[in-house]
Amino acid sequence: MGLRKYKSKRNFSESPEPRGGKSSENKLRFVIQKHDASHLHYDFRLEMAGVLKSWAIPKGPSTDPAIKRLAMMVEDHPYDYRNFEGIIPSGYGAGTVMVWDEGFYQAADLQSPDKKSQDKELRHQLHAGKLKIVLHGHKLKGEFALVKAPGRGDNAWLFFKLKDSFSTQADITKKDKSVISNKTLVQIEKTTDNFYGAKRVKRAAVKSKKEIELNKRADVKKASLQHHASTPSKNNKKGHGKDKLAEISEAIHHAPKTKLPRALKPMLATLVDEPFDEPGWCFEVKWDGYRALGFIQHSKAEIKSRNKKSFDEKFYPITQSLANWDLAAVVDGEIVVLKDNGISDFGALQNWRSETDGALYYYLFDILWLNGKDLTGLPLSTRRKILEA
């Protein structure tokens with residue numbers, strides 16, 4: 001793959017990330033970097049052919065042979081990236097990076113210690129779609145496998161521990177400090193000098209541009225809410241908000257009680273000869289994406305396609321976001337990747353592997369079930385008010 005794609009995605013006038021590097025050691029190195037970007041994930045990198053072959057592992061590695069982790073192959077990274085720890089302040093991959101583990105590795109079934117022989121064998125395994133390796137890290141030790149999983153996407157692999165003396169059911173990701181600085185991500189965020197434009201005499205609390213921007217949005221939203229609370233709209237009568245909430249509460253109260261439904265299907269678009277506008281009709285945008293139902297049970301969530309195919313691992317940020325709602329509900333919407341101009345890109349959605357491949361959105365149109373109540377008997381207009389609330 002080379003570094004062309006890596007370099008094309010970065011503005012090195014604003015990023016402290018390495019551009020190249022070459023190994024002078026007689027062993028192959030690996031690194032796992034914990035990356036708090038738009039969504040927390042772990043980047044697994046193996047030195048091969050002079051670069052770092054890289055995979056994004058959303059849930060992080062496991063030392064339990066019974067657990068297989070989704071690993072999405074991403075662009076090659078330069079060799080010097082193995083030591084990168086700090087803040088990417090803006091643009092592609094913005095966030096904090098920690099060297100979670102690092103060390104040497106080798107092909108599991110090749111006894112020759114010669115680096116060229118190891119590299120050749122590993123490149124052959126990579127091409128075949130199955131890597132069997134031994135890691136000699138600070139945290140990860142012993143045999144692991146990386147196996148291509150074409151059924152989950154063109155760049156999808158599975159990363160898992162092979163049974164040996166280093167196998168354990170303990171959650172290895174709870175070891176949350178850097179093997180270089182012995183700091184957590186939060187501590188790195190506050191103390192690092194490794195970010196573009198950093199010329200600090202003393203170590204003071206520092207926030208990335210990503211965090212600063214989020215705080216600005218929160219302040220704007222808070223001010224807007226306070227303004228609307230104190231200044232009723234000229235177009236609405238006083239107490240209209242209370243009336244709306246009362247209407248919603250009344251509708252939910254009278255909806256029948258049911259268990260969380262599983263047989264539901266998302267609403268699909270209907271083909272017609274020409275556009276029309278008639279009283280009683282409402283419309284929604286047909287994005288160029290995947291229609292999907294979201295099943296939320298407080299801290300757990302699932303996403304199912306129109307054919308009941310699971311999107312949980314492929315679109316893991318959406319699953320995580322729904323779980324953060326902390327309620328019980330079934331919602332209907334469409335998953336899309338948006339270009340910079342706001343237009344959906346179906347090709348990018350099909351090839352989406354991690355947040356580095358584009359802005360992933362889940363546009364919700366309807367809510368079908370909420371906290372034990374079946375809402376499908378309510379008018380769509382009422383359900384949309386409930387969804388908005």
_Parallel, tilted or perpendicular: ring planes of Tyr290 versus Phe315, cut at 30 and 60 degrees_ = tilted
_Tell me whether Asp101 contacts the main-chain N or O of Leu140 through its side chain, where contact means a donor paired with an acceptor under 3.5 Å._
yes
*Does the side chain of Asp345 reach to within under 4.5 Å of the side chain of Leu338, using non-hydrogen atoms?*
no
*For the pair Thr173 (side chain) and Gly60 (backbone), establish whether a donor and an acceptor sit closer than 3.5 Å, ignoring hydrogens and angles.*
no
*Any donor and acceptor pair, going by atom type alone, linking the side chain of Asn155 with main-chain N or O of Met72 inside 3.5 Å?*
no
*Run the salt-bridge test on Glu102 and Arg29 with the 4.0 Å N-O cut-off and return the result as yes or no.*
yes
*Would you call Asp366 and Arg384 a salt bridge, using N to O less than 4.0 angstrom?*
no
*Are Glu85 and Ser178 linked by a side-chain donor-acceptor pair shorter than 3.5 Å?*
yes
*Which atoms form the tightest heavy-atom contact between Tyr81 and Gln33, and what is the distance?*
O-NE2, 2.8 Å
_Mutual orientation of the aromatic rings belonging to His35 and His41 [parallel < 30°, tilted 30-60°, perpendicular > 60°]_ = tilted
*Give a yes or no on whether the backbone of Phe346 and the side-chain of Trp287 come within a donor-acceptor separation of less than 3.5 Å.*
no
*Once the angle between the rings of Phe144 and Phe159 is folded into 0 to 90°, is it parallel (under 30°), tilted (30 to 60°) or perpendicular (over 60°)?*
parallel
_Does Glu334 form a salt bridge (charged side-chain N to carboxylate O under 4.0 Å, His left out) with Arg306? I'd like the steps, not just the answer._
CA-CA 10 Å; Glu334 190 164 358; Arg306 55 191 290 185; over 6 Å; no
*Aromatic ring pairing Phe30/Phe44, orientation class (parallel under 30°, perpendicular over 60°, tilted between)*: perpendicular
*Is Asp43 salt-bridged to Arg45, cutoff N-O under 4.0 Å?*
yes
*Pairing of Lys115 and Asp119 as salt bridge, 4.0 angstrom limit*: no
*Is the side chain of Gln187 donor-acceptor paired with the backbone N or O of Thr184 at a distance under 3.5 Å, no angle test?*
yes
*With Val331, the side-chain contact (heavy atoms from CB on, under 4.5 Å) member among Ile303, Leu370, Leu368, Leu387*: Leu387
*Taking only Lys NZ, Arg NE, NH1 and NH2, and the carboxylate oxygens of Asp or Glu, determine whether Glu189 and Lys183 approach each other closer than 4.0 Å.*
no
*For Ser62 and Asp64, test the side chains for any donor-to-acceptor distance below 3.5 angstrom and give the result as yes or no.*
no
_Between the side chains of Lys308 and Glu302, is the shortest nitrogen-to-carboxylate-oxygen separation below 4.0 Å, so that they form an ion pair?_
no
*Asp176 and Lys174 ion-paired at < 4.0 Å*: no
*Between Lys175 and Lys139, what is the shortest heavy-atom contact and its length?*
O-NZ, 3.0 Å
*Testing Val31, Leu46, Val134 for side-chain contact (heavy atoms from CB on, under 4.5 Å) with Tyr105, which one passes?*
Leu46
*Can a salt bridge be assigned to the pair Glu143 and Lys161 using a cut-off of 4.0 Å between side-chain N and carboxylate O?*
no
_Leu146 side chain reached by Lys130 side chain, heavy atoms, under 4.5 Å_ = no
_Salt-bridge criterion met for Arg291 and Asp332 (N-O under 4.0 Å)_ = yes
*asked:* Regarding Asn307 and Ser305, do their side chains bring together a donor and an acceptor under 3.5 Å, going by distance alone?
replied: no
